[in-house]
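Computation of the quantities below employed the complete heavy-atom set of this structure, encompassing side-chain atoms and omitting hydrogens, waters and symmetry-equivalent molecules. These figures come from a predicted structure and were not determined experimentally. Numbering starts at 1 and runs along the sequence shown.
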Amino acid sequence: MSADLQWLLIRKWNSFQVKGGHGPVFSKEKGNLLNKSAHKFSGLANSKVINIYPSVEGGVTITKVKADAKPNQVASARSHVALKRSTGPRRANKIAAAETAGKGYRADLRPFAVARASALLRAQTRTANPPKSYPQKLRGNKKAAASSSAKKDDEDVIELD
């Protein structure tokens, strides 16, 4: 079945669609780089699909279907490229661009793949200066109650010298 016919059949009714009132229709299928319900980005209707997602141990994994994929061998039909969390943004962008357009796979998805890979790595970066947490200040009646309970505790203590 052709990709165009598949898209015509699933474009309005599939279980991955997210409709929100009068706005755009989104999709949450694997292989959809923008999560937008459109034929160009569909992971269901296209034969050449690129999936960029965060890996479990940190980092990003880029998965794509091989050109000589057999329909009965699903696991071996996919190639995976794992990027560690420590991978820099420029290197990640270069790898994402090479996996899409550099190898003649889907040149039209290059900017979207680069944007998704860099956004996922940016979300996983640790901040050099994490925000400090300060204890909550007591004011008014709560401060007076806390100081009076502290005085009671001091009176109960017997000092031995």
Side-chain angles (χ1 to χ4, degrees), residues 1-139 142:
M1 193 180 329
S2 71
D4 294 327
L5 180 59
Q6 284 180 353
W7 176 247
L8 288 174
L9 294 173
I10 66 169
R11 70 179 175 171
K12 291 192 179 181
W13 301 282
N14 67 54
S15 61
F16 299 107
Q17 282 188 346
V18 179
K19 296 179 181 180
H22 300 291
V25 179
F26 294 105
S27 180
K28 48 185 181 175
E29 74 227 20
K30 289 184 178 180
N32 193 331
L33 292 176
L34 280 188
N35 293 343
K36 188 177 179 183
S37 183
H39 178 56
K40 178 178 182 178
F41 305 112
S42 177
L44 299 173
N46 292 316
S47 59
K48 292 183 176 180
V49 179
I50 299 168
N51 190 14
I52 300 176
Y53 56 94
S55 59
V56 177
E57 57 274 342
V60 175
T61 304
I62 301 172
T63 303
K64 67 180 186 177
V65 178
K66 293 179 184 176
D68 57 344
K70 296 177 183 174
N72 59 343
Q73 296 175 344
V74 178
S76 63
R78 299 193 176 352
S79 67
H80 304 280
V81 176
L83 305 177
K84 296 179 183 177
R85 181 184 291 196
S86 61
T87 302
R90 288 185 181 214
R91 180 168 167 77
N93 291 348
K94 182 179 178 184
I95 292 171
E99 288 296 320
T100 56
K103 296 181 180 177
Y105 194 70
R106 288 276 307 264
D108 59 331
L109 294 181
R110 177 185 178 154
F112 307 110
V114 169
R116 187 170 179 100
S118 64
L120 287 172
L121 281 174
R122 192 178 329 116
Q124 292 178 354
T125 56
R126 297 183 185 126
T127 58
N129 298 321
K132 296 179 182 177
S133 61
Y134 296 103
Q136 187 177 6
K137 292 182 180 179
L138 298 176
R139 298 178 301 205
K142 291 182 182 178

What side-chain donor-acceptor pairs closer than 3.5 Å can you find for residues 82-90, not counting sequence neighbours?
{"unit_1": "T87", "atom_1": "OG1", "unit_2": "K84", "atom_2": "N", "d": "3.2"}
{"unit_1": "T87", "atom_1": "OG1", "unit_2": "K84", "atom_2": "O", "d": "3.0"}

Report all side-chain donor-acceptor pairs from residues 106-122 shorter than 3.5 Å, counting only partners two or more places apart or in another chain.
{"unit_1": "R106", "atom_1": "NE", "unit_2": "D108", "atom_2": "OD1", "d": "3.1"}
{"unit_1": "R106", "atom_1": "NH1", "unit_2": "K48", "atom_2": "O", "d": "2.8"}
{"unit_1": "R106", "atom_1": "NH2", "unit_2": "K40", "atom_2": "O", "d": "2.8"}
{"unit_1": "R106", "atom_1": "NH2", "unit_2": "D108", "atom_2": "OD2", "d": "3.3"}
{"unit_1": "R116", "atom_1": "NE", "unit_2": "I52", "atom_2": "O", "d": "2.9"}
{"unit_1": "R116", "atom_1": "NH1", "unit_2": "L33", "atom_2": "O", "d": "3.0"}
{"unit_1": "S118", "atom_1": "OG", "unit_2": "V114", "atom_2": "O", "d": "3.1"}
{"unit_1": "S118", "atom_1": "OG", "unit_2": "A115", "atom_2": "O", "d": "3.1"}

Contacts table for residues 1-8: side-chain donor-acceptor under 3.5 angstrom, sequence neighbours left out:
{"unit_1": "S2", "atom_1": "OG", "unit_2": "L5", "atom_2": "N", "d": "3.2"}
{"unit_1": "D4", "atom_1": "OD1", "unit_2": "H39", "atom_2": "NE2", "d": "3.3"}

Salt bridge (charged side-chain N to carboxylate O under 4.0 Å, His left out) against E29, all qualifying residues, sequence neighbours excluded: none
List in chain and number order the residues that pass side-chain hydrogen bond (donor to acceptor under 3.5 Å, both in side chains) with H22, two or more places apart in sequence or in another chain; answer none if no residue qualifies. none
Nearest 0.5 Å, what's the CG-CG distance between N14 and L9? 11.0 Å
Heavy-atom pair of closest approach, residues Y134 and K132: OH-CD, 3.7 Å
Atom pair OG (S42) and CZ (R11), whose distance is rounded to the nearest 0.5 Å: 12.5 Å
Taking only residues two or more places apart in sequence or in another chain, which ones pass side-chain contact (heavy atoms from CB on, under 4.5 Å) with Y53? N51, T61, T63, H80
Quick test of your reading: applying salt bridge (charged side-chain N to carboxylate O under 4.0 Å, His left out), list the pairs with at least one residue in residues 54-66, sequence neighbours left out, ordered by first then second residue. K64-E99
Heavy-atom side-chain proximity of N35 to F16 below 4.5 angstrom: no
Rounded distance (nearest 0.5 Å) linking atom CG of N32 with atom NZ of K30: 13.5 Å
